[in-house]
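Presented below is the structure to which this report refers.
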There are 2 protein chains.
Amino acid sequence: MQNTDDISKKPLTSAMEDYLEAIFNLGKEKRVVRVKDIAKRLGVKMPTVTSMLKVLSKRELIDYEKYEYLELTEKGIDVGREIHRRHHILRSFLTDILNIDFKKADEEACKMEHAVSASTLDRFIEFMEFVQFCPRVGLDWLKYFDEYRLHGQDPDKCLARMKEFAGGFKVRINTMEEVGEEK
Amino acid sequence: MQNTDDISKKPLTSAMEDYLEAIFNLGKEKRVVRVKDIAKRLGVKMPTVTSMLKVLSKRELIDYEKYEYLELTEKGIDVGREIHRRHHILRSFLTDILNIDFKKADEEACKMEHAVSASTLDRFIEFMEFVQFCPRVGLDWLKYFDEYRLHGQDPDKCLARMKEFAGGFKVRINTMEEVGEEK
DNA sequence: AAACTATGTTTTAGATGCCTAACTATCACC
DNA sequence: GGTGATAGTTAGGCATCTAAAACATAGTTT
């Protein structure tokens, strides 16, 4: 049988997670996953990829024979998908809630995805759902955040905007559909 | 050409930041900072601390002579304070906005503080200020988030609560009448 | 002062993760 | 089938971060 003692218990490193995510994504984008592409995606050299592939193979996260095409195992797919999911959620938070541009958000999400636990990630999801679920307190409210950011917290301006906001809010509550929005 | 003492340009590692933050905090808590205390705080062994102290000393982030008490340099204080600040901000976000309990939030903040850039951190701050700054859309709204989390996104409940919410909101808006101005 | 204890350091070593240089396999094409 | 370009691997090294064991120092107690 397999080496059952420690391998399965040892937690994955951030680097391993990055590789699995990259392989997972490349697998969706291309017919085959190549060492060269992984290297390019992660900004490392090919030998670095090769050595990591050996590790991932030993951990049974990929099927890998040298010079052959590589594939994620089921276990590897699970991890890759999970990291991809984290990345996506955090990036959404950064772009949709904090209004950070996509490129920057993508970079930050890439670092954050290893730092945030599953349970905290769930809270991020719930929070975003919460913000989006109630239309008036959702998207338009966030539009106001944009203005707040750009003009600072001038109390007068805040109050003025609050009033407009309140008017729209009341009407919207009664209809509760179509969120006609654009930035 | 700039190979030798170009230490000032090399970025600090996460580990270095952790040590500086720990030293910064211990300096505020105790009269003197001891190797033993740093080790305990960071969950590492004393030899690990000693070797890191040498690195930090070479980088001119601490004043350190062996067997003597150690102190942060001005540069070290700046970094230590900055990391402490990041930690505090992220933890506040996790506790105040996402409603995560303190202990968990503290752990997560500790990992996130190295992953989030200064500009993104600023957005976190602005967002929290934004949420808190507008009373009705602020604290009470977050109280509703708590309920949303616990009871799920039942549309009926959401609507019911939204109506109450809107009522309160309107009252509050009216009491702010006199200051209302426009840009 | 000698002995004892707590604290700190050195030495050695292991795990990661990255690199360059040099080698080898694969594939497309003539 | 040979050949050259491309892709992939191996070998050897470097930097970082860690710990165990052995050793050194400082401070306290008797």
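All values derive from a computational prediction rather than experimental measurement. Lettering follows sequence order; numbering is per chain, from 1. Below, each value reflects all heavy atoms present in this structure, side chains not excepted, and no hydrogens, waters or symmetry copies.
Here Arg34(B) does not reach the OP1 or OP2 of dT7(C): none of its side-chain N or O atoms lies under 4.0 Å away. For the pair Tyr64(A) and dT9(D), the criterion of a side-chain N or O lying under 4.0 Å from OP1 or OP2 is met. Put simply, Lys10(B) has no side-chain N or O that comes within less than 4.0 Å of OP1 or OP2 on dA15(D).
Rounded to whole Å, atom C1' of dT7(C) lies 11 Å from atom CG of Asp37(B). Between the CD atom of Glu68(A) and the C1' atom of dA25(C) there is a distance of 11 Å, rounded to whole Å. Between Leu56(B) atom CG and dT16(D) atom P the separation is 12 Å, expressed in whole Å. Rounded to whole Å, the distance from CG on Leu70(A) to P on dG8(D) is 9 Å. Whole-Å rounding puts the Lys40(A) NZ to dT6(D) C1' distance at 15 Å. Distance CD (Glu17(A)) to C1' (dT16(C)): 15 Å, rounded to an integer number of Å. The separation between Glu65(A) atom CD and dA7(D) atom C1' is 18 Å, rounded to whole Å. With rounding to whole Å, Ile38(A) atom CD1 is found 16 Å from dC18(C) atom C1'.
Here dC17(D) is the nucleotide among dT7(C), dT9(D), dC17(D) with the atom lying nearest to any side-chain atom of Met52(B). Comparing dG17(C), dT10(C), dT16(C) by their nearest atom to the side chain of Lys66(B) picks out dT10(C).
A continuous path of Ile, Leu, Val, Met, Phe, Trp and Tyr side chains, each step under 4.5 Å between heavy atoms, connects Leu94(A) with Ile89(B), placing both in one hydrophobic cluster.
Using a 4.0 Å heavy-atom distance criterion, Tyr69(B) is classed as making no nucleic acid contact. Across all strands, Tyr19(B) comes closer than 4.0 Å only to sugar-phosphate atoms, never to a base (heavy-atom distances).
We find that Glu29(B) and Arg41(B) are joined by a salt bridge, their nearest charged nitrogen and carboxylate oxygen being less than 4.0 Å apart. Using a 4.0 Å cut-off between charged nitrogen and carboxylate oxygen, Glu107(B) and Lys111(B) do not count as a salt-bridge pair. Taking 4.0 Å as the cut-off between side-chain N and carboxylate O, Asp122(B) and Arg85(B) count as a salt-bridged pair.
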- Note on the structure: Going 5' to 3' through nucleotides 19-25 of chain D and flagging B where a protein heavy-atom sits under 4.0 Å of the base, S where only the sugar-phosphate is that close, and - otherwise, we get BBB--BS

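Taken to the nearest 0.5 Å, the CG atom of Leu20(B) stands 8.5 Å off from the OG1 atom of Thr73(B).
The number of heavy atoms from other shown groups lying within 6.0 Å of NZ (Lys104(A)) is above 12.
For an aromatic pair to be called close, the ring centres must be under 6.0 Å apart, and Phe93(B) with Phe93(A) satisfies this.
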